[in-house]
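Side chains are part of it too, since the values below use all heavy atoms of this structure and drop only hydrogens, waters and symmetry mates.
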Amino acid sequence: MKIKIKEDFTLVELSAILNIPIALLHDSNQLPFNSTEKIQANTVIQIPYHFYNRINNPEKFTIVDHFDCPNKMRKSAVYDTILNTKKNYDSKCCYEDIEEIIEYYPFIKKEIIGYSELGKPIIELTIGQGSKKVHMNGSFHANEWITSAIMMKWLDEYLMKIVKNSEMEGYNALELYRNTQVSYVPMVNPDGVDLVLHGLEAAENYRQSVAEINNGSDDFSNWKANIKGVDLNNQYPANWEIEKERKIPKEPAPRDYPGDEPLSEKEAITMANLVRRKNFDRLLAFHTQGEEIYWGYLNREPKEAEVIVNEFERVSRYKPVRTIDSHAGFRDWYVNEWGRPGYTVELGVGVNPLPLAQFDEIYEKSKKIFLSSLYM
């Protein structure tokens, strides 16, 4: 919500009067941290929804835009989470939920980092102030869209705990916010996700080629690729040539085709550029087969990678797997190029797309991995 201040205040003064943590006030508005620098009267600032009932001094503040805050707070049980992600989670759901949480939690930073082949935005959310930078992503594979739904629900709970200054699994969320910066790309492959969930009509100008790739079938449940039939997680220059040689598909396919060259696809390029630009300290990519965590690549991983994955195993009971005969994945490339901890986390067991009946169990287990990636 937006309020207008009627007097000059420093950030410290505002924080004290409103009883809102300085970190959240600053990041909601990019206000000066300097304790002596005044914010001028009549400045409009944003505050998280949770603090609506603290705007009770009409001599100092005017509510400018509260986006029907009382009703929205009732809808969300006031201090509870706000998103319902336990559903067929397509790109529209993801985009709408992103806008919803930004409205509630204006300290989130949103950036469109690229576009899919069909022109859908690939969005990164950044949360936190710390020097440690952790990246997470979901739905590299189209029929693994449940990863996006799970990720957005983690975020929903984490943000709620931040504004409440309360604990999440025994760790203070606001302290995690101050100490760690999280980069979040919940849906890498929106075109593919929409194809799996909505069928051929979602292919738009690729309808003919998609129909041919899928052998005329209306069932896209086996589709992992992007809309051009390229497997985005076989697109990275980490022994890509090995995967190109041994993968059975030699042309666009619903899964496993690595493309004609590494980093040929818009979505893969977008993610590579993000990593190069942001210089992350560690990376987690979420997929959906096996309740396993792949963490090594050709002995390029640092010693701390094992310490971290052991904590992941402790809190979730997912099985760490150091070595697997696979190349050209996003995580493979990251570990190989930067020599930093990178993890492919396989959520759930079964046939993709995993059923929503598994949602709650996956959420509770994997939430602990999300959280431990912040405190480790």
Undergrad: Strictly by side chain to side chain donor-acceptor pair (under 3.5 Å), give each pair with a member in residues 300-309 just once, sequence neighbours left out.
TA: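 Only E301-R322 qualify under side chain to side chain donor-acceptor pair (under 3.5 Å).
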Undergrad: Side-chain contact test, heavy atoms from C-beta onward, threshold under 4.5 Å: evaluate it for I213 versus E251 and give yes or no.
TA: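 No, their side chains stay 4.5 Å or more apart.
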Undergrad: Looking at residues at least two apart in the chain, or sitting in another chain, which of them share a ring pair (Phe, Tyr, Trp, His ring centres under 6.0 Å) with F286?
TA: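 With sequence neighbours excluded, F286 shows a ring pair (Phe, Tyr, Trp, His ring centres under 6.0 Å) to W154, given in chain and number order.
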Undergrad: Are any of the side-chain nitrogens in K247 or D231 under 4.0 Å away from the carboxylate oxygens of its partner?
TA: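 Answer for the salt bridge query: no.
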Undergrad: If you define the side chain from C-beta out and look only at heavy atoms, does anything of R340 sit under 4.5 Å from R282?
TA: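 No, their side chains stay 4.5 Å or more apart.
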Undergrad: Between E157 and K153, does at least one N-O distance fall below 4.0 Å, as a salt bridge requires?
TA: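 So E157 does not pair with K153 through a salt bridge.
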Undergrad: Could you work out, with ring pair (Phe, Tyr, Trp, His ring centres under 6.0 Å) as the rule, every residue matching W333, not counting sequence neighbours?
TA: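 W333 satisfies ring pair (Phe, Tyr, Trp, His ring centres under 6.0 Å) with Y236, W338 only.
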Undergrad: Could I get the full list of ring pair (Phe, Tyr, Trp, His ring centres under 6.0 Å) partners for Y95, not counting sequence neighbours?
TA: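 Y95: no ring pair (Phe, Tyr, Trp, His ring centres under 6.0 Å) contacts found.
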Undergrad: Please check if atom NZ in K4 has more than 12 non-hydrogen atoms from other residues, nucleotides or ligands closer than 6.0 Å.
TA: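 Not more than 12 within 6.0 Å, no.
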Undergrad: Is the count of non-hydrogen atoms from other residues, nucleotides or ligands lying under 6.0 Å from Q30 atom CD greater than 12?
TA: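 More than 12 heavy atoms, drawn from other residues, nucleotides or ligands, come within 6.0 Å of this atom.
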Undergrad: Mind checking what makes ring pair (Phe, Tyr, Trp, His ring centres under 6.0 Å) contact with F280, not counting sequence neighbours?
TA: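 Partners of F280 by the ring pair (Phe, Tyr, Trp, His ring centres under 6.0 Å) criterion, ordered by chain and then number, come out as H135.
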Undergrad: Among the clusters formed by ILVMFWY side chains lying less than 4.5 Å apart, do I112 and Y184 turn up in the same one?
TA: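 Yes, I112 and Y184 fall within the same hydrophobic cluster.
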Undergrad: Tell me which one of E103, E124, E99 satisfies salt bridge (Lys or Arg N to Asp or Glu O under 4.0 Å) with K110.
TA: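 Running salt bridge (Lys or Arg N to Asp or Glu O under 4.0 Å) over E103, E124, E99 with K110 returns exactly one hit, E99.
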Undergrad: Less than 4.0 Å between a side-chain N and a carboxylate O, is that true for D191 and K228?
TA: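 No, this pair does not count.
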Undergrad: Looking at K38, I'd like to know if its NZ atom is crowded, meaning that more than 12 non-hydrogen atoms belonging to other residues, nucleotides or ligands lie closer than 6.0 Å.
TA: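 Buried by this count: over 12 neighbours within 6.0 Å.
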Undergrad: Which word best sums up how the rings of Y297 and H327 line up, parallel for under 30°, tilted for 30 to 60°, or perpendicular for over 60°?
TA: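 Perpendicular: the ring planes of Y297 and H327 meet at over 60°.
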Undergrad: Could you list the residues that satisfy salt bridge (Lys or Arg N to Asp or Glu O under 4.0 Å) with E204, not counting sequence neighbours?
TA: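 In terms of salt bridge (Lys or Arg N to Asp or Glu O under 4.0 Å), with neighbours along the sequence ignored, E204 is linked to no residue.
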Undergrad: Does K244 pair with E241 as a salt bridge, N-O distance under 4.0 Å?
TA: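 No salt bridge links K244 with E241.
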Undergrad: Does a side-chain N-to-carboxylate-O contact under 4.0 Å join K60 and E13?
TA: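 No.
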